Protein chains: 2
Amino acid sequence: MERSGAVAALAALAQENRLDVFRLLVAAGPAGLAAGRLAAALDLAPNTLTFHFDRLRMAGLVTVRREGRSMIYAARYETMNALLAYLTENCCRGAQTCGPAVCEPSLPARKRKRETA
Amino acid sequence: MERSGAVAALAALAQENRLDVFRLLVAAGPAGLAAGRLAAALDLAPNTLTFHFDRLRMAGLVTVRREGRSMIYAARYETMNALLAYLTENCCRGAQTCGPAVCEPSLPARKRKRETA
DNA sequence: CATATAATTCTATATTCGTTGAAATATGGA
DNA sequence: TCCATATTTCAACGAATATAGAATTATATG
């Protein structure tokens with residue numbers, strides 16, 4: 001990730017409602033959540049939410065897919081991890097002290113190629 | 001760290017010049033850098049830089065101290081790490097897959113209580 | 001087709017942001 | 001004290017941001 005992409009992602013997350021949206025999507029995992037459900041959960045007007053979704057999407061932090069009448073938004077872990085990598089790039093250069101700082105779905109242990117159980 | 005603090009830190013970093021400033025400070029370590037040196041390095045007007053320093057300082061991302069005629073700015077790793085922790089909080093809940101995501105000075109291996117060498 | 005649901009688009013508006021230029025403050029040295 | 005250096009403060013301005021209201025598009029169902 002380069003600087004402009006990092007700034008875009010940071011700006012997208014630098015807003016209370018969007019940060020809430022993104023955290024809910026991260027917690028929701030790859031299945032994502034319908035726009036309406038998020039609107040209800042966060043008590044936001046649907047058009048306001050659309051505005052915020054656009055920001056998140058332009059920053060590459062979420063994806064959308066249509067499912068019937070609903071639009072399902074889901075977190076893009078790849079971008080999130082690239083951002084974390086960019087932010088920690090200048091820290092403890094070369095030392096292993098710094099963890100990889102990765103973000104993965106919260107509830108992945110279902111259909112994975114058997115590991116840890 | 002709570003949401004408002006995270007938003008403040010994200011907003012502070014969500015600007016090209018400020019992100020550059022912060023990364024240079026992170027790379028510079030606890031010794032920090034004089035405002036003038038950063039102004040020269042980034043080719044920014046001194047008053048513009050003051051504006052950005054204020055944002056970073058209000059977000060708790062940097063500290064200042066006077067040294068002669070110069071103002072020395074330094075990164076606050078503590079806040080940076082709290083932000084990283086907040087961002088990765090909802091990721092792979094409970095799994096060790098996610099690293100600790102910490103940010104420490106780049107060149108610390110000098111006066112530490114002997115470890116790893 | 002008519003209607004309800006889900007979400008988006010468009011327009012407007014108050015607020016905040018980033019930069020600039022001029023003036024002011026603080027420190028150190030002759 | 002006088003002057004240069006280092007940085008901040010103040011005022012102004014165009015640009016971007018976040019929200020709200022009204023109208024529109026898309027999908028499903030009777």
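To find a chain, count down the sequence lines: A is the first, B the second, and so on, and within it residues start at 1. None of these values were measured; they are calculated from a predicted model.
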Legend entry - Distance in angstrom units between A:Arg65 CZ and C:dA7 P, rounded: 13 Å
Legend entry - Spacing of A:Leu10 atom CG relative to C:dC17 atom P, expressed in whole Å: 16 Å
Legend entry - OP1 or OP2 of C:dC17 under 4.0 Å from side-chain N/O of B:His52: no
Legend entry - Partners passing side-chain contact (heavy atoms from CB on, under 4.5 Å) against A:Ala12 (at least two apart in sequence or in another chain): A:Leu56, A:Ala59, A:Leu61
Legend entry - Value in whole Å for how far the P atom of C:dT19 lies from CG of B:Leu49: 10 Å
Legend entry - Side chain B:Gln15, main chain B:Asn17, donor-acceptor under 3.5 Å: yes
Inset, instruction - Give A:Thr50 one of three labels, base, sugar-phosphate or nothing, depending on what nucleic acid heavy atoms sit under 4.0 Å from its own. - result: base
Legend entry - Close side-chain approach of B:Arg3 and A:Leu19, heavy atoms under 4.5 Å: yes
Legend entry - Presence of salt bridge, B:Glu67 and B:Arg65, under 4.0 angstrom: yes
Inset, instruction - Evaluate the side-chain proximity of B:Leu87 to A:Leu84: yes if any heavy-atom separation is below 4.5 Å, no if none is. - result: yes
Inset, instruction - Please tell me which of the listed nucleotides, D:dT17, C:dT8, D:dT7, lies nearest to the side chain of A:Pro46? - result: C:dT8
Inset, instruction - Starting at atom CG of B:Asn17, determine the distance to atom C1' of C:dC17, rounded to an integer number of angstrom. - result: 13 Å
Legend entry - Phosphate OP1/OP2 of D:dA6 contacted by B:Tyr73 side-chain N/O (<4.0 Å): no
Inset, instruction - Give one of base, sugar-phosphate or nothing for A:Arg18, where a contact means two heavy atoms less than 4.0 Å apart. - result: sugar-phosphate
Inset, instruction - Would you mind reading off the distance between B:Gln15 atom CD and C:dG18 atom P, rounded to a whole angstrom? - result: 5 Å
Inset, instruction - Quickly work out the B:Asp54 CG to D:dT9 P distance and round it to whole Å. - result: 7 Å
Legend entry - Any A:Thr48 side-chain nitrogen or oxygen under 4.0 Å from OP1 or OP2 of D:dA18: no
Inset, instruction - Find the distance A:Phe53:CZ to D:dA18:C1' and express it as a whole number of Å. - result: 16 Å
Legend entry - ring-ring contact (aromatic ring centres under 6.0 Å, His included): pairs with one or both residues in residues 37-56 of chain A, sequence neighbours excluded: A:Phe53-A:Tyr73
Inset, instruction - Spell out protein contact along nucleotides 21-30 of chain D as letters: B when the base is contacted, S when just the sugar-phosphate is, - when no protein heavy atom is under 4.0 Å; keep the 5' to 3' order. - result: BB----BS--
Legend entry - Check: A:Thr50 and A:Met71 side chains under 4.5 Å, non-hydrogen atoms: no
Legend entry - d(CE, B:Met71; P, C:dA26) in whole Å: 11 Å
